[in-house]
Amino acid sequence: VEKIGELMVEILQADKLHKDSLVIDAHSDIPIDVLKRRQAGERRVLNSRHIPEWKLGGIDALILTVSGDEFSNKALQKYTLDSIRDLKDDILECKDDLALAFSARDLVQVVDSGRVALMMNIEGSKPLESSLENLEIFFHEGIRFMTLTWNSGNEVGTGVGCDPEDGGLTKFGREVVSKMSQLGIIIDLSHSSPKTFWDTINMGIGNIVATHSNAAALFPHVRNLTDGQLRAIAEQDGIVGVCFYPGFLTTKKPTVDHIIDHIAYIGDLIGLEHVSIGADYIYFAFDEIVSHLQASGINYGNAYIYPDGVETAGQLTNLTRSLIRRGFLPDDIRNILGRNILRVMQRL
Ligand SMILES: [Zn+2]
């Protein structure tokens, strides 16, 4: 009985810590669902479909992918602007519960007002259509993160997946990286090929994150990062968002402990001040996303089984419970859940 009492206290403490912490999911594809439903005539999609889940999971802010290389069957510059407009419309219809954030300060203000803060990312730079001017346009529309490539390469650089040769960052890619830094757009190196990664790092610009990647030493997958890459991100005071995507965690049935293993490994290697969460949940659009993944030519493992205990965003409190159980300190947990990535945004 005493043991059960102790456990209950531990769970209550963990839940309070989670609730009091700023919790940021650094990578979410939810706009796919929002746009699809809005095109079918549905309105207030975030409110009816996603906010309840975020509230349940104690999520205060998310970085949402509004467009990117995966949507390459479309005219991407236009698709991106349409997508941003649709997302903004949905956010406005749900303004009592959430708001767009354009800076770290905005994010904190929105969260302090009791609402969920949303920031926007483009996953792959094809939507630029080879023009730096489009980068400026996207910035003015509110884009604050951009992943340089998806799995296949683009005008900016080589992706992690299918290109026979790793050409790294192109000349235009260097211009894009410089311009991103000038404007204040964070550079996301998840999905970059090794050479694109190192070419960008060697520009020494800072502003570097990998929002959804794990440790290759712990689980060798082409989307995970080597120890050298992890160290390089830390040297520029960036963060790595540990990803819940099952194919990056294990070949077995994943549990929340596999996620904690990656957090612990990366924390030991480069310091917990460089670890964040980029859950990359796809349960709201399995079919669309999985067909993209399969077409990308990379083995993504069993996409359908998200880790036991945190299958959906609504269960995210279980991550904090598990971190406590594994001996992580409350202050480190707060940093991992949100303050680390906020620190990177504050530098913009
Ligand atoms: Zn991705």
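Numbering of ligands and ligand atoms starts at 1, following listing order.
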Q.
Listing by chain and number, which protein N, O or S atoms are under 2.8 Å from the Zn ion (ligand 1)?
A. Glu123 OE2, His191 NE2, His212 NE2
Only pairs at least two apart or in different chains count here, so list each ring-ring contact (aromatic ring centres under 6.0 Å, His included) that has a residue in [range].
| range | answer |
| --- | --- |
| residues 111-153 | Trp150-His191 |
| residues 29-54 | His50-Phe284 |
| residues 5-33 | His27-His212 |

(Q) Whether the Ser213 and Ser190 side chains hold a donor-acceptor pair (N or O, under 3.5 Å, no angle test) is what I'd like checked. (A) yes
(Q) Assess, by modelled atom type and distance only, whether the side chains of Asp33 and Tyr283 contain a donor and an acceptor separated by less than 3.5 Å. (A) no
Q) Quick one: are Asp90 and Glu93 in side-chain contact, heavy atoms under 4.5 Å? A) yes
